[in-house]
S.K.: 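Have a look at the structure that comes next, please.
Naming convention: chains lettered A, B, ... in sequence-line order (proteins, then strands); numbering from 1 in each chain. No experiment lies behind these values; they were computed from the predicted model shown. We use all heavy atoms of the structure for the numbers below, so side chains are in, but hydrogens, waters and symmetry mates are not.
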Number of protein chains: 4
Amino acid sequence: MKKRIGVLTGGGDCPGLNAALRAVVKTAMTKYDYEVIGFKDGYKGLVINNFIRFKPGDVSGILDKGGTILGTSNRDNPFHFMMKKDGVTEYKDMSDRVVENLHMHDIDCLVVIGGDGTLAAARDLARKGVNIVGVPKTIDNDLNATDKTFGFMTAVETATEAIDKLHSTAESHHRVMILEVMGRNAGWIALEAGIAGGADVIVIPEIPYDIHKIARSVLQRKNEGKSFSIIVVAEGSRPIDGEPVIKKSEEESHDSVRFGGIGNKLAYDIERLTGIETRVTVLGHLQRGGRPIPYDRILSTRYGVAAVELAHREEYGKMVSLKGNEIVSVSLDEAVGTLKTVPPDGELVRIAKSVGVSFGD
Amino acid sequence: MKKRIGVLTGGGDCPGLNAALRAVVKTAMTKYDYEVIGFKDGYKGLVINNFIRFKPGDVSGILDKGGTILGTSNRDNPFHFMMKKDGVTEYKDMSDRVVENLHMHDIDCLVVIGGDGTLAAARDLARKGVNIVGVPKTIDNDLNATDKTFGFMTAVETATEAIDKLHSTAESHHRVMILEVMGRNAGWIALEAGIAGGADVIVIPEIPYDIHKIARSVLQRKNEGKSFSIIVVAEGSRPIDGEPVIKKSEEESHDSVRFGGIGNKLAYDIERLTGIETRVTVLGHLQRGGRPIPYDRILSTRYGVAAVELAHREEYGKMVSLKGNEIVSVSLDEAVGTLKTVPPDGELVRIAKSVGVSFGD
Amino acid sequence: MKKRIGVLTGGGDCPGLNAALRAVVKTAMTKYDYEVIGFKDGYKGLVINNFIRFKPGDVSGILDKGGTILGTSNRDNPFHFMMKKDGVTEYKDMSDRVVENLHMHDIDCLVVIGGDGTLAAARDLARKGVNIVGVPKTIDNDLNATDKTFGFMTAVETATEAIDKLHSTAESHHRVMILEVMGRNAGWIALEAGIAGGADVIVIPEIPYDIHKIARSVLQRKNEGKSFSIIVVAEGSRPIDGEPVIKKSEEESHDSVRFGGIGNKLAYDIERLTGIETRVTVLGHLQRGGRPIPYDRILSTRYGVAAVELAHREEYGKMVSLKGNEIVSVSLDEAVGTLKTVPPDGELVRIAKSVGVSFGD
Amino acid sequence: MKKRIGVLTGGGDCPGLNAALRAVVKTAMTKYDYEVIGFKDGYKGLVINNFIRFKPGDVSGILDKGGTILGTSNRDNPFHFMMKKDGVTEYKDMSDRVVENLHMHDIDCLVVIGGDGTLAAARDLARKGVNIVGVPKTIDNDLNATDKTFGFMTAVETATEAIDKLHSTAESHHRVMILEVMGRNAGWIALEAGIAGGADVIVIPEIPYDIHKIARSVLQRKNEGKSFSIIVVAEGSRPIDGEPVIKKSEEESHDSVRFGGIGNKLAYDIERLTGIETRVTVLGHLQRGGRPIPYDRILSTRYGVAAVELAHREEYGKMVSLKGNEIVSVSLDEAVGTLKTVPPDGELVRIAKSVGVSFGD
């Protein structure tokens, strides 16, 4: 009987998911003559048996498409599975059902493509004896066990293009323009897009900011004849003497109602301190969407092929990972649970400071 | 003595301003051997004598650049000029000063590039005897006296690319994705980007919406197996039984605090009525920025050349305008003061409905 | 019985074909409850009965895709149909077969989307009594009966982006860079992309060039301190004292072997006359491909809806057409056979000259 | 007295040169309070004393611009310097003049940004006692001493976008589309763009191709119902039983006249063997141009900063280099002279084969 691979995509969507899926399906079906079952909408499809059996043509033409043809879900932990019953939301451990369903489908190995949450559940399934292989993806690039996740560089490109666009408005109107980008705990997008876009100030969660230092560098530019400034801020950033700003959608605290997110708070404070008109753009979901750039298409293809190779060699309980230029594998146990944040005195921060960027510290 | 042209750019910045400037300067200096004086930051430069005298190379390489090398300002009406004195803001009629300064600089004709407000001031200056020629620009395409203003199609392209990006997230997550675009009084950007991006629902100020009809069309799509919907909404839209939603930055009314703009209000209502997860992206300043697309580079070049031709023929008090495929001129008297809004039963709305778009009416 | 519409796409592929198809299918099926049959690969599918019956979902997600899901063919005139028999190519009149097949499929009206050749065959089918409606498309914008065809503005954008890219190399290396674009008989792409990209010289078939005038304007720029020039040339251009350059792929004449196309000939002559290093880029098929820009998505959607409206009103033998801002219809008799070329003293050429472009005349 | 840095850019232009220059100037002037002298057009400016003294504002706004504001040259080796005298071209060793000029300008360290040729001359100048630091750039990514050069990923993005565009034409017309990209000795662009664009066949110099194997894989796709194929070929590729195809511009051999480059030769052979219509696009100079993508802006900024750090620490005779994720330095002696080519059995080739790509081997 043919070997069978199962595959699912979990967590927030991200450019490159389809490219990774395509690589898994092509390698498994064409190189190794396996069968491939795709589970829909993350682990949910595994719990409720929503799946497709891939035919070779199913992954044709998806390499450059955003999103995932399998669907995904942000909240579908099989160990804490959200169910609605008579209008009441309950959470239940459905991991035994997952194990049983994998047996029912004769799955020899499950390939799980996802971020920290999805991979943590994969690790726990591995501990229950499931043959599992992980593929890392995040927009935020905050997975500790890999140098890069796919999706990240596409998000950086989207954010950089936004900075490029804001530049002309800032300069023409002599304004401070603030771009708020993703990054609750890690400031990688803000840092790399800020360097690539030539931002004057970069604010990240890892370096709490002193608003007076930011205002000072804006005013200093003005004194040098540069009547505008560009600021990139990660959503999870916070002042040196305060808390991160919770957005109103999450908690209706006084400040959040007043300011929206951190971008709005910064704008309010900078305009107050400098007297220069300041405007905010929140990039939001645009960072997740769109066609993956070649970098991410190549990386996700490498990951997808490598995941099937692990399955082929029966090296289960592992995650594929980029170290330098090499695709290696790490144990799922080590791979999840700790975030990779920006080292405040690391090379990239130092580089940015060398070309004149202020971090407000 | 050589003839002298003055030129300024006023109002919100917009892709194509530099291309129009370049065409004015090149045509005036190279074709007619005029001198060209550029006033900085809209009318403000005319009031306070902040100007440059163009040299031929000054407009090299700016054709594809966003913004305006002359700078601009949203609030610089010379008849109601904002001045700060001892910390107090005053408004004063500085139009006589403008007339005097134009004489001082020996300006034979002033070319004013701007939107409705800037052109209305131009009309009023013309009534005071100033030789003036207008060039229309708006992001919103809401000037009545011309078929198209430059900047608009670039904004439509930016908005359409945003819809393209949101599509993959919407589909992968089975969500409703809402994109809020510019358009306080006129829904042209929402309408054209909505058609170009394949939006399922388009909400514009000219067609007050019934939230139940929008929810119904979202649910109907779900019943047909399409688990996601894309909604484009112009910022000035309003429910059939309510007022436009004022954003909190402008007035701290209860609703605005709660909902932000119309996009947030729609999201709240749709999620409540349909139970489908709904997310909002506010495109904001990204619509003003960036490189003009070829359509706008060509249109603004045609406008810039035509403006100098008007000046050359001493046809003052006029604005250049696109009618069908022809560049014509209209009197500034007729050109300003009435907005061009979307006809609710016009061709474009009918086209959109023919391909299945709901307007919530 | 339900009314039945047939549809096909013919001629060279072009961005917007899928958008037009989508509009035809959506309007016919959803608005009017017609059935829609799509014939594959242009008229060929009508001759050999290769077709699909559209289901509503078949056109989902194709609005922004290049090419045509129905396929197309450059050589499939039903009145002169290419057939291969025992390795010998024959041409045969298959128009009676087409008429018969349309009856067999109970087609009430055939919608033909194509360029001049495809529409000429449509006109001839109409003369044989077929109920037919035409939709114009060309990259070249050379159809006389409409102001714009879809595909053209996307090609202009592709060509303009190429000019933007060549600019930096030209400037850094102090070179003349030549871009050869499509346009055998009409220079519209060269003209509009040349204006949008800020070309220094534009060469089009309608204005035979004097190589000495081109060389002179390159040298004059050098004297003014601009050590580089950008030239855009339409492939069908020719010297004032010579013939168009036939490319080697078409005829192995001496000159063509030596020079390739007109771009290479120009490069050879300019380098010889000016001593400045000159390089050529032939844009070729890149002009046909890719995602349609919003302008073309909207135009093709308007055309597609309008074509079905014509079919609904039983106004056969007509082609939809853009006049100014309005979609109108013209008789197929008038629509085909004469090309729309660039008027050498028209507004666009005059505009280009006003901003300093040389046409070598 | 202030320390003085000299800087020049040499070899073919490449996206990221300006970003590297900006980083050098900002770091030297702002961080270390050095003076910076820029020599024009590569080594030529050093020989003939054509230079500018940088002011802080000179590098503002160039981060995202293609090309180099200093100008460059492909042929300006100071040890073999091209001079024209009375119409005769001579080559002369001008390296002593270079050494003398550097003393005249009081240059403490010369930063040379270039490819293999430019860096080889830098090594030879170092051997003459010049304090020199190298920064690597190539489109081709074929420098042995660094993992990546800037410019490469932008070229890959340009090539991948071209493949994306050719896809729709290939599919609509049932054709084989060939894209010829840069790479005389190393196939990196073809390989990475081919993987990213989903090419069916990739042909590179490192793997001589068997035309029958390529034809077979095209026909096999046809048998599987895929009526089109995409082929990416590096310009320096050659058949297993033949020589590389020299383009006619270089040598007027029989074959080159007939076929142009390798792309044309492949097209001729594939059409002959398969009977499927085949078309070629030669990407050419478009690969060098345009705005650097964020990846290259970041990498060139890191290189530029690191080069000044080397100068600051007086570590001369070295080149900055990327190893994994780290910026390190290597001696110029080791850095130049050997090319980095694609290992025919390396990971990337294996990955490509795993997803079904044929290399014709």
Side-chain angles (χ1 to χ4, degrees), chain A residues 9 12-15 17-18 40-42 65-75 84 154 158 161-175 177-179 227-228 248-249 252 257-260 264 267-268 275 277 279-292, chain B residues 9 12-15 17-18 40-42 65-75 84 154 158 161-175 177-179 227-228 248-249 252 257-260 264 267-268 275 277 279-292:
Chain A
T9 53
D13 79 316
C14 158
L17 283 171
N18 278 326
K40 296 280 192 82
D41 302 332
K65 303 291 175 294
T68 158
I69 56 170
L70 280 183
T72 185
S73 167
N74 284 29
R75 291 174 212 140
K84 288 190 181 170
T154 300
T158 297
E161 282 171 8
I163 300 173
D164 289 351
K165 290 196 177 195
L166 296 178
H167 229 106
S168 53
T169 292
E171 196 163 359
S172 301
H173 282 276
H174 316 296
R175 280 177 186 158
M177 297 297 281
I178 297 177
L179 181 71
S227 61
F228 69 99
K248 68 182 167 310
S249 62
E252 297 264 345
V257 168
R258 180 144 179 204
F259 291 119
N264 286 70
Y268 177 86
E277 209 176 48
R279 298 290 165 87
V280 185
T281 300
V282 181
L283 201 50
H285 292 280
L286 299 179
Q287 289 161 94
R288 292 202 172 280
R291 295 143 69 97
Chain B
T9 53
D13 79 317
C14 157
L17 283 171
N18 278 327
K40 296 280 192 82
D41 301 333
K65 303 290 176 293
T68 159
I69 57 169
L70 280 182
T72 186
S73 167
N74 284 28
R75 290 174 214 141
K84 288 188 181 171
T154 300
T158 298
E161 282 171 8
I163 301 174
D164 289 352
K165 289 197 177 193
L166 296 179
H167 229 106
S168 53
T169 293
E171 198 163 357
S172 301
H173 281 276
H174 316 297
R175 279 177 187 160
M177 296 298 280
I178 296 176
L179 181 72
S227 60
F228 68 99
K248 67 182 167 311
S249 61
E252 296 263 345
V257 169
R258 180 144 179 205
F259 292 119
N264 286 69
Y268 178 86
E277 208 176 48
R279 299 288 165 88
V280 185
T281 300
V282 181
L283 201 49
H285 291 281
L286 299 180
Q287 289 161 94
R288 293 204 172 279
R291 296 143 68 98

S.K.: Would you say that B/Leu283 contacts A/Leu286 through its side chain, given a criterion of any heavy-atom pair below 4.5 Å between the two side chains?
M.R.: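 Yes; the side chains approach each other to less than 4.5 Å.
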S.K.: Looking only at heavy atoms and a cut-off of under 4.5 Å, which of A/Cys14, A/Ser227, A/Gly67 has the most pairs with chain B?
M.R.: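 Among A/Cys14, A/Ser227, A/Gly67, the one with the most close pairs to chain B is A/Gly67.
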S.K.: Using non-hydrogen atoms only, which part of A/Asp41 is less than 4.5 Å away from chain B: side chain, backbone, both, or neither?
M.R.: side chain
S.K.: Any side-chain heavy atom of B/His285 within less than 4.5 Å of one from A/Arg175?
M.R.: yes
S.K.: So which of B/Leu17, B/Ile69, B/Thr72 has the biggest tally of heavy-atom pairs under 4.5 Å with chain A?
M.R.: B/Thr72
S.K.: Quick one: salt bridge (Lys or Arg N to Asp or Glu O under 4.0 Å) partners of A/Arg288, sequence neighbours excluded?
M.R.: none
S.K.: Between A/His167, A/Glu171, A/Arg279, who has the most heavy-atom pairs with chain B when the cutoff is under 4.5 Å?
M.R.: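 The answer is A/Arg279.
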S.K.: Not counting sequence neighbours, which residues clear side-chain hydrogen bond (donor to acceptor under 3.5 Å, both in side chains) with A/Thr158? List them please.
M.R.: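 Counting only residues at least two positions away or on another chain, A/Thr158 forms a side-chain hydrogen bond (donor to acceptor under 3.5 Å, both in side chains) with B/Lys165.
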S.K.: Under a 4.5 Å heavy-atom cut-off, does chain B meet the side chain of A/Gln287, its backbone, both or neither?
M.R.: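 Neither; nothing under 4.5 Å.
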S.K.: Under 4.5 Å heavy-atom distance to chain B, tell me which part of A/His174 shows up: side chain, backbone, both or neither.
M.R.: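 Contact with chain B: side chain only.
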S.K.: Non-hydrogen atoms of chain A under 4.5 Å away: do they reach the side chain of B/Thr281, the backbone, both or neither?
M.R.: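 For B/Thr281, the contact with chain A is made by the side chain alone.
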S.K.: Shortest non-hydrogen contact from B/Val280 to B/Ala267?
M.R.: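 Closest approach of B/Val280 to B/Ala267, heavy atoms only: CG2-CB, 3.3 Å.
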S.K.: Might you point out which heavy atoms bring B/Gly71 and B/Thr9 nearest each other, and give the distance in Å?
M.R.: O-OG1, 2.9 Å
S.K.: With a 4.5 angstrom heavy-atom cut-off, which part of A/Thr68 approaches chain B: side chain, backbone, both or neither?
M.R.: both
